[in-house]
Participant: 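Could you have a look at this structure, given as structure tokens, before my questions?
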Amino acid sequence: GGTFSDVCMSSSPVHVLPLTSPLLSLSLSLSLSLSLSLSLSIRLHPELFQADVDEFCQYYGRRDGGACFPDYQRKPPLRGQESNYLGDEKIEEISRKHKHNCYCAQEVLSGLRQPVAVVHCGDGSQRLFVLEREGVVRILTPDLEVLKEPFLDIHKLVQSSLKGGDERGLLSLAFHPNYKKNGKLYVSYTTNQERWAIGPHDHILRVVEYTVSRKTPNQVDTRTVRVLMEVAELHRKNLGGQLLFGPDGLLHIILGDGMITLDDMEEMDGLSDFTGSVLRVDVDTDSCASSYTIPRDNPYFNSTNQPPEIFAHGLHDPGRCAVDRLQSDNGSLVILCTDASGKNSSAGRILEIAKGKDYEHESSVYDLQASGGAVPVGGFIYRGCQSRRLYGSFVFGDTSGYVSHLLKSSQWQERPLCLGPAGSCGSTLVGHILGFGEDELGEVYILASSKSMAQSHSGKLYKLVDPKRPQVPKECQRPLEPPELLMTACSRHCKNGHCTPTGKCCCSHGWEGPFCRIAKCEPACRHGGVCMEPDTCLCKSGYSGAQCETAERGMPSDQEKDGILDHIIDMTSYLLDLTSYIV
């Protein structure tokens, strides 16, 4: 597990080799000459040589793995977590053309029901959240245990289908950048309920906000739902629906064109102005009336022709987008998306999303060749720690199971990503690629299924691993932080309302005052009555009615009882006032 410097500056004794042939002598001479010349380069430029010993030996040693300085004969490869390279018996199976690109698709989880995405919440717990199309989100712990109770279950709201090519279902999940404190998450799914049940459309794409439960960090409180937006759609393909936050804290909503034509839009009377667009909104608002505001630097903020939410448009079938972590740390925003080249096109393209761009006319970062009708599926820009070779690459694939990556020097270049066989890696990628994911450490995951039916439990989660490196190198290890309960003042005290992402308590109907602790009666209670619950008055003796407006004469036998009731009401009113003052 050392570096080139460890190899060339090692104090290990040089073994004397039996020179049985001139060819071996020449091979040894060239290997030693190369080592000596590299030694000088390393002293001058040590940062250029950060590969491990095994990578050095595989690149520059003899094909049979022997005569690799300083080890003469390589030791048998280690097995298990600390192995840095593929087994020797498999090296010959990998062509020398592609051996530098081979990785392992390590099976992490199986038995999933049409998984579509895997995300993390960024709270230090290193939990993974796996989305299943029918409307369930499951938690995978760092110990690779799936919790019995789902994190979110909205399958009764989600409209999905068993037919191949039908993209309806649970589409995406994004955690608020400040999730650890405010517990906010955002979900997109297709439905056909409530006020949109009748009209010129097939279904509704809905984006909502939820808050994690106050009682457990492993479940969502579905009563906290707030609808951000709804988009009517006629067709069941090219839906998009991905949600992601940029480094500026703004929520991006990526929508496909839904295969909608101009005639369709006229029929729907402009209800689909968002289709084929990247929307950008600010959910960090103190407003209780609106769930988001429009950033003032959105390109159509003051436009009368385009919705102000639009950040860019002209997309067709976006297959997941990714924010570059490195660029985000520097303050700039780089979003790469896979997309279809046109309506009903089998060719793909990779776009770099920029403010105000129309991708009907803008050139792409890279054009993908048509691959038998397989739809491109976006991935992630690898900024993890486990693989040095993959760092900075945009990893993506298509629905046929093909995996590739783009590298950028002066321009983007595509390289197929070689996946090692099950004999060397322990598992291999099988089936159609459904999506990609990323954990807190920046490592990339692949979701695949061998069947298309939503109720089939054939979905699997794979982790992309570099077999030349330990699965979790020491420099990549991070301490686990157990998930915590919400502890903000709003989350603890706002019982009769909801908290905004910024911590303001917005009261539900019938409640008012600090943290919504005071019931409100309209009209107000009369004759000293106390409002105990919304629009419910507790009247003093001698009065009745919804607002205690009716006076009535009490019976003599009831006077003592009524006096006690009056004292209780007065004390209740005093306690309510005192509670409001303390809060």
Side-chain angles (χ1 to χ4, degrees), residues 118-131 135-143 145-154 157 170 172-189 207-228 243-245 249-251 281-293 439-440 478-509 511-518 579-580 582-583:
V118 56
V119 297
H120 66 85
C121 63
D123 66 349
S125 67
Q126 298 184 28
R127 295 172 294 171
L128 286 177
F129 299 79
V130 183
L131 283 67
V136 177
V137 179
R138 304 190 183 279
I139 293 181
L140 179 66
T141 68
D143 297 328
E145 174 191 358
V146 179
L147 299 187
K148 181 179 179 180
E149 294 297 326
F151 179 68
L152 175 66
D153 186 354
I154 52 172
L157 299 176
L170 180 60
S172 185
L173 164 65
F175 290 91
H176 191 281
N178 199 26
Y179 172 78
K180 188 171 183 177
K181 290 186 177 180
N182 63 28
K184 298 294 182 181
L185 56 137
Y186 300 83
V187 177
S188 62
Y189 61 90
V207 181
V208 299
E209 176 193 90
Y210 284 112
T211 307
V212 72
S213 171
R214 295 185 180 103
K215 299 178 180 179
T216 170
N218 290 323
Q219 281 189 328
V220 170
D221 184 353
T222 54
R223 299 171 300 177
T224 61
V225 62
R226 287 204 305 162
V227 177
L228 267 69
L243 311 176
L244 61 84
F245 281 92
L250 300 177
L251 177 64
V281 298
D282 187 358
V283 297
D284 286 340
T285 172
D286 283 334
S287 172
C288 294
S290 176
S291 53
Y292 67 84
T293 59
D439 64 19
E440 286 191 48
R478 300 291 184 272
L480 286 175
E481 300 178 24
E484 300 175 354
L485 294 175
L486 291 180
M487 295 301 294
T488 61
C490 186
S491 63
R492 286 185 286 116
H493 299 299
C494 187
K495 304 297 184 182
N496 302 302
H498 70 270
C499 299
T500 68
T502 56
K504 180 179 179 179
C505 183
C506 296
C507 299
S508 301
H509 174 74
W511 297 93
E512 62 183 357
F515 295 115
C516 310
R517 294 297 185 92
I518 303 174
T579 301
S580 176
I582 293 174
V583 171

Participant: If you measure SG to SG, does Cys505 sit under 2.5 Å from Cys490?
Facilitator: no

Participant: What I'd like to find out is whether the side chain of Ile154 reaches to under 4.5 Å of the side chain of Tyr189, using heavy atoms alone.
Facilitator: yes

Participant: If only side-chain N and O atoms count, and only distance matters, is there a donor-acceptor pair under 3.5 Å linking Ser213 with Thr216?
Facilitator: no

Participant: Quick test of your reading: applying salt bridge (Lys or Arg N to Asp or Glu O under 4.0 Å), list the pairs with at least one residue in residues 215-226, sequence neighbours left out, ordered by first then second residue.
Facilitator: Glu209-Arg226, Asp221-Arg223

Participant: I'd like to check the ring-ring contact (aromatic ring centres under 6.0 Å, His included) partners of Tyr186; sequence neighbours left out, ordered by chain and number.
Facilitator: Phe245

Participant: Using side-chain contact (heavy atoms from CB on, under 4.5 Å) as the criterion, point out the one residue from Val136, Val137, Val187 that pairs with Leu131.
Facilitator: Val137

Participant: Excluding sequence neighbours, so at least two apart, what forms ring-ring contact (aromatic ring centres under 6.0 Å, His included) with Phe129?
Facilitator: Phe151, Phe175

Participant: Going from OG on Ser291 to CG on Leu228, what distance comes out if it is rounded to the nearest 0.5 angstrom?
Facilitator: 3.5 Å

Participant: Please name all residues satisfying salt bridge (charged side-chain N to carboxylate O under 4.0 Å, His left out) with Glu440, sequence neighbours left out, ordered by chain then number.
Facilitator: none

Participant: Any chance you could measure Thr488, atom OG1, to Leu485, atom CG, to the nearest 0.5 Å?
Facilitator: 11.5 Å

Participant: Report the residues that fulfil side chain to side chain contact (heavy atoms under 4.5 Å, CB included) with Asp284, sequence neighbours left out, ordered by chain and then residue number.
Facilitator: His176, Asp282, Pro501, Thr502

Participant: Among residues at least two apart in sequence or on other chains, which ones pass salt bridge (charged side-chain N to carboxylate O under 4.0 Å, His left out) with Asp123?
Facilitator: Arg127

Participant: By side chain to side chain contact (heavy atoms under 4.5 Å, CB included), which residues pair with Cys506, not counting sequence neighbours?
Facilitator: Cys288, His498, Thr500

Participant: Between Thr224 and Thr211 (side chain of the first, backbone of the second, donor and acceptor by atom type, cut-off under 3.5 Å), is there such a pair?
Facilitator: yes

Participant: Using side chain to side chain contact (heavy atoms under 4.5 Å, CB included) as the criterion, list what pairs up with Leu480, not counting sequence neighbours.
Facilitator: Gln126, Pro142

Participant: Can you run down the salt bridge (Lys or Arg N to Asp or Glu O under 4.0 Å) pairs that involve residues 479-494, sequence neighbours left out, and say none if there aren't any?
Facilitator: Lys180-Glu481

Participant: Suppose we screen for disulfide (SG to SG under 2.5 Å). Which residues come up paired with Cys121, at least two apart in sequence or across chains?
Facilitator: none

Participant: Please report the interatomic distance CG(Asn218) to CG(Leu147), rounded to the nearest 0.5 Å.
Facilitator: 5.0 Å

Participant: Measure the spacing between CG of Leu486 and CZ of Arg214 and express it to the nearest 0.5 Å.
Facilitator: 8.0 Å

Participant: Return the CG to CZ distance between Leu128 and Arg138, rounded to the nearest 0.5 Å.
Facilitator: 15.0 Å

Participant: Return the set of residues passing side-chain hydrogen bond (donor to acceptor under 3.5 Å, both in side chains) with Ser188 (not counting sequence neighbours), or none when no residue passes.
Facilitator: none

Participant: Taking only residues two or more places apart in sequence or in another chain, which ones pass ring-ring contact (aromatic ring centres under 6.0 Å, His included) with His120?
Facilitator: none

Participant: Do you know the tightest heavy-atom contact between Gly497 and Ser508?
Facilitator: CA-OG, 3.5 Å

